[in-house]
Structure formats: structure tokens, C-alpha cells
Amino acid sequence: MPKHESNEVMTFKAIPHSFFCRPAELVAPDLIGCKLVKKKADGSLLSGVIVETEAYSQAEPACHGYKRRTPSNETLFGDPGHLYVYLTYGIYHCTNVVTDRNGWASGVLLRAVAIAGESERVASGPALLSRYFDLNCSHDSCFISVENGLWLAERSASASMQKIVSTTRIGISEAKELPWRWYLQASRSVSKRAKGDRCPPLANSWRPIGGTGQ
DNA sequence: TGAAGGATTTGT
DNA sequence: CAAATCCTTCAC
């Protein structure tokens, strides 16, 4: 690997695989503040800070793998550390990270990321995030790794200090009461806030380092 | 073989 | 608040 490229990748140190080998409801909050990184065709890196996630597990009925194992949800039952990407409402893609263990359907839905230097809403929602990173069904079952050009990177020290809100999941009809959605309280890139939680003012809002203040 | 229903987004 | 839009699942 060329020296400059090595340095660039070092800025986005990959999360160890063992991180994903835990229940989704433990991985999901831990992913807040971490970075989603993609190496583009021209060699440059696209990255954003994860500000909102949801956990899904075979044990609860909102999970795609709750009823049975089928070709369409196969990836969710597979090895942790892979992407589970599916089409929803005929037009949108949603991207998950498979967690826990092989044979047990569970994953974390990536709902929103904050992009430095971009409008705060460009990846504020699971389908918007997928579109921004150009993730679609062709990426389903893709293993997350630097070698594959798509990976998750560790939190910066500043992101670790931020307050995380836990609340109920969005857009589901079952298990609505489970508080399995998490988001960065101070981010304006969160897709929808919990009742009573007001959006922070622009001047004080958290943003990824390198941001322009939008 | 057909109908129902989405882990969403957008515009009214 | 309803439409867009299509794949998967489930009922008949």
C-alpha cells in the first residue's frame, strides 16, 4: 500500500471483528460516534460519523428474521461483520451490519450519519444514508473490511464524550415499545428525535471534525 | 395466482 | 397525511 494511502486509512482505524460478535442491542449504541468509511473508485475516501442506529434481533417480531429463514433474509442469519442491505417500499435501500453469531438473525440498522462539509440532512435517514454511500442490494452479504473498501472505524475521543439518547424504533408495527434506537443527542443529522427532545441550536450542535458548520 | 404490507421519503 | 412503487410473504 502506498505511504499516503496508508496514512489516510490510519485516520479511520477499523473496528475489530469481535466488536460485532455481540447482541445487536449492545453493538448498536456502541456504534454511535463511530465512522462509516468507503473507498471510492478513484481511491478517495468517503466517510461520515454514525449518529443514529437501531437494533434488530430474532427474539422480537420487528426483525426480518423473526418468522423464518428465507433467501431474502439469509444474510441476517449469517456471520457477523457483513452488510445486510435490502430494498424497502420498492424504491429505498436500508443498510444493516450483521451482529452476534451465525445462525441467529440480528443486526444494526444504520439510520443516519453526519458528513463533514455537507448539509446536515444528506444522510439523515436509512435510505438517504444508503443512497449517499451508494449502497444497494449488490452490497448485500459484503464483508466489512478495509480490504473490501468498506468498513467501520473507531470513535474519536471527542465523540466518546457525547450524550446518547435511547428511544423506541421508527416505522415498525410490532415490538414498538422496545427502546432499541439510539442517537447522538447533540447532532442535527438525526432523522427523528424522541418526544420532548429538541433539536440543538446550530451554533452549539455537535458536528464531525472538519465540518463547515452547516 | 393474487392481495397485502412494508426497518422510507417527499411534497401537500 | 397520503402517494410513490415493487418485492416478499401469505392466503386461497
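Please read these numbers as outputs of a predicted model, since none were measured by experiment. Every chain is numbered from 1 and lettered A, B, ... according to where its sequence line falls, protein lines coming before strand lines.
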A:Ser130 to A:Pro126 - nearest heavy-atom pair and separation: OG-O, 2.9 Å
Given C:dT5, B:dA7, B:dG6, the nucleotide with the shortest approach to the side chain of A:Ser173: B:dG6
Which nucleotide in B:dT10, C:dT5, B:dT8 has an atom nearest any side-chain atom of A:Ile91: C:dT5
Under-4.0 Å salt bridge between A:Arg101 and A:Asp79: no
Rounded distance in Å - NZ (A:Lys192) to C1' (B:dT9): 14 Å
Nearest-Å distance for atom pair CG/C1', residues A:Leu87 and C:dA4: 13 Å
Side-chain H-bond candidate by donor/acceptor type, A:Tyr56 with A:Glu54, under 3.5 Å: yes
Identity of whatever pairs with C:dC10 - Watson-Crick or G-U, under 3.5 angstrom: B:dG2
Base partner of C:dT5, which must satisfy Watson-Crick or wobble distances under 3.5 Å: none
Face-to-face stacking of A:Tyr89 with C:dA4, centres under 5.5 angstrom, angle under 30°: no
Touch class at under 4.0 angstrom, heavy-atom based, for A:Ala62 against every strand present: base
Sugar-phosphate only, base, or nothing, as touched by A:Thr70 at under 4.0 Å among non-hydrogen atoms: sugar-phosphate
Touch class at under 4.0 angstrom, heavy-atom based, for A:Leu109 against every strand present: base
Shortest non-hydrogen contact from A:Val146 toward A:Ala14: CG2-CB, 3.9 Å
Between P of B:dT8 and NE2 of A:His64, the distance in whole Å: 9 Å
Sugar-phosphate, base or nothing in reach of A:Leu110, heavy atoms under 4.0 Å: nothing
Phosphate-side-chain proximity, A:Ser72 and C:dC7, N/O vs OP1/OP2 below 4.0 Å: no
Phosphate-side-chain proximity, A:Arg111 and B:dT8, N/O vs OP1/OP2 below 4.0 Å: yes
Below 4.0 Å: OP1/OP2 of C:dT9 and any side-chain N or O of A:Arg68: no
